[in-house]
Student: 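Mind looking over this structure? Questions follow.
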Amino acid sequence: QLQLVESGGGLVQPGGSLRLSCAASGFTLDGYAIGWFRQAPGKEREGVSCISNRGSKSYGPDSVKDRFTISRNNAMNTVYLQMNSLKPEDTADYYCAAVWRPHAGCVLNEGQYAIWGQGTQVIVSS
């Protein structure tokens, strides 16, 4: 069974940091592009960041580009999202997703992603 499991969410004060992890089980991430998406209460899901199989990165909202960093460790079969200087508007459920895409860059089109995790909640509040 192909699964992605997110972890690392929680409650953090504004200005704080969290590192989300996305671990694959039942398959290896080698060959897959991985995306992080988030859905805030009452809002549509949006793409946050993605990383291609070869390590190229893309970021979605301008508001995260200087604060979030995506990385991958294929040996650990895990992708990370380092989130710094968190703001209340970053509060959301965060999901990782995978798509088989061994050669091309990644895209933040959620319709292309075939394997999804269950999500991890991030709450930024004082």
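Because the structure is a prediction, the values reported are computed rather than measured.
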Student: Nearest 0.5 Å please: distance from the OG1 atom of T91 over to the CD atom of Q39.
Tutor: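 Interatomic distance, T91 OG1 to Q39 CD, rounded to 0.5 Å: 13.5 Å.
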Student: Looking at CG of L86 and CD of Q13, how far apart are the two atoms once the value is rounded to the nearest 0.5 Å?
Tutor: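 Between L86 CG and Q13 CD, I get 11.5 Å after rounding to 0.5 Å.
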Student: Identify, with sequence neighbours excluded, every residue that meets side-chain contact (heavy atoms from CB on, under 4.5 Å) alongside S85.
Tutor: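 Checked S85 against side-chain contact (heavy atoms from CB on, under 4.5 Å); matches are R67.
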Student: Checking M83 against V122 for the side-chain contact (heavy atoms from CB on, under 4.5 Å) test, could you report, in this order, the C-alpha distance in whole Å, the side-chain angles of both residues, the deciding distance, and whether it holds?
Tutor: CA-CA 10 Å; M83 306 187 297; V122 172; 3.9 Å; yes
Student: Does any pair with a residue in residues 60-87 pass ring pair (Phe, Tyr, Trp, His ring centres under 6.0 Å), and if so which ones, sequence neighbours excluded?
Tutor: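 Passing the test, one end in residues 60-87: no pairs.
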Student: I need the minimum non-hydrogen distance between V107 and Q112, along with the two atoms involved.
Tutor: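 The answer is CG2-OE1, 3.3 Å.
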Student: Can D62 and K65 be counted as an ion pair, charged N to O under 4.0 angstrom?
Tutor: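 Counted as a salt bridge, because a side-chain N and a carboxylate O are separated by less than 4.0 Å.
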Student: Linking I/L/V/M/F/W/Y whenever any side-chain heavy atoms sit under 4.5 Å apart, do L2 and W36 land together?
Tutor: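 Yes, L2 and W36 fall within the same hydrophobic cluster.
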Student: Determine which pairs satisfy ring pair (Phe, Tyr, Trp, His ring centres under 6.0 Å) with at least one residue from residues 103-126, sequence neighbours left out, and list them in order.
Tutor: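 Residue pairs passing ring pair (Phe, Tyr, Trp, His ring centres under 6.0 Å), neighbours aside: F37-Y113, F37-W116.
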Student: Holding to side-chain hydrogen bond (donor to acceptor under 3.5 Å, both in side chains), I want the full list of residues that pass it with K57, two or more places apart in sequence or in another chain.
Tutor: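 Residues passing side-chain hydrogen bond (donor to acceptor under 3.5 Å, both in side chains) with K57: none at all.
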Student: So, using side-chain contact (heavy atoms from CB on, under 4.5 Å) as the criterion, who are the partners of A33 when residues are at least two apart?
Tutor: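 For A33, the residues satisfying side-chain contact (heavy atoms from CB on, under 4.5 Å) (neighbours in sequence not counted) are V99, R101, C106.
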Student: Atom CG of D93 and atom CD of E6: how far apart are they, to the nearest 0.5 Å?
Tutor: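 The CG atom of D93 sits 9.5 Å away from the CD atom of E6.
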Student: Got a donor-acceptor contact below 3.5 angstrom from the N84 side chain to the S17 backbone?
Tutor: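 Side chain of N84 to backbone of S17: no pair is present.
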Student: Can you confirm whether more than 12 heavy atoms, excluding those of E89, are under 6.0 Å from its CD atom?
Tutor: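 Correct, the count exceeds 12.
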Student: Taking distance alone, no hydrogens or angles, what donor-acceptor pairs closer than 3.5 Å link side-chain atoms of residues 18-27 to residues at least two apart or in another chain?
Tutor:
none

Student: What residue pairs, at least two apart or across chains, pass salt bridge (Lys or Arg N to Asp or Glu O under 4.0 Å) with a residue in residues 102-126?
Tutor: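 Counting only pairs at least two positions apart or across chains, the salt bridge (Lys or Arg N to Asp or Glu O under 4.0 Å) contacts touching residues 102-126 are R45-E110.
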Student: Nearest 0.5 angstrom please: I70 CD1 to C96 SG, how far?
Tutor: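 So the CD1 of I70 and the SG of C96 are separated by 9.5 Å.
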Student: Calculate, to the nearest 0.5 Å, the distance between atoms CG and OG1 belonging to L4 and T78 respectively.
Tutor: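 OG1 of T78 is found 10.0 Å from CG of L4.
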Student: If hydrophobic clusters are built from ILVMFWY residues whose side chains come within less than 4.5 Å, do L81 and L108 share one?
Tutor: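 Unlinked, L81 and L108 end up in two clusters.
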Student: May I ask you to decide if S49's main-chain N or O and S58's side chain share a donor-acceptor pair within less than 3.5 Å?
Tutor: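 Checked: no pair found.
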Student: Using the side-chain hydrogen bond (donor to acceptor under 3.5 Å, both in side chains) criterion, which residues pair with S56? Sequence neighbours excluded.
Tutor: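 Once residues adjacent in sequence are excluded, the partners of S56 under the side-chain hydrogen bond (donor to acceptor under 3.5 Å, both in side chains) criterion are S52.
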Student: Working to the nearest 0.5 Å, report the span between CG of N73 and CG of L29.
Tutor: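 With rounding to 0.5 Å, CG (N73) is 10.0 Å from CG (L29).
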Student: So, the side chain of Q118 versus the backbone of V5: is there a donor-acceptor pair under 3.5 Å, distance only?
Tutor: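 No: the side chain of Q118 does not pair with the backbone of V5.
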Student: Scan for ring pair (Phe, Tyr, Trp, His ring centres under 6.0 Å) pairs involving residues 83-102, sequence neighbours excluded, and state none if there are none.
Tutor: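 Only Y32-W100 qualify under ring pair (Phe, Tyr, Trp, His ring centres under 6.0 Å).
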Student: Can you list everything that forms a side-chain contact (heavy atoms from CB on, under 4.5 Å) with A114? Sequence neighbours excluded, please.
Tutor: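 Not a single residue meets the side-chain contact (heavy atoms from CB on, under 4.5 Å) criterion with A114.
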Student: Is L11 isolated, or which residues cluster with it under the ILVMFWY side-chain rule of less than 4.5 Å, directly or via members?
Tutor: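 Cluster partners of L11: I123.
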Student: Looking at residues at least two apart in the chain, or sitting in another chain, which of them share a side-chain contact (heavy atoms from CB on, under 4.5 Å) with P61?
Tutor: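 Partners of P61 under the side-chain contact (heavy atoms from CB on, under 4.5 Å) test: R38, E46, S63, V64.
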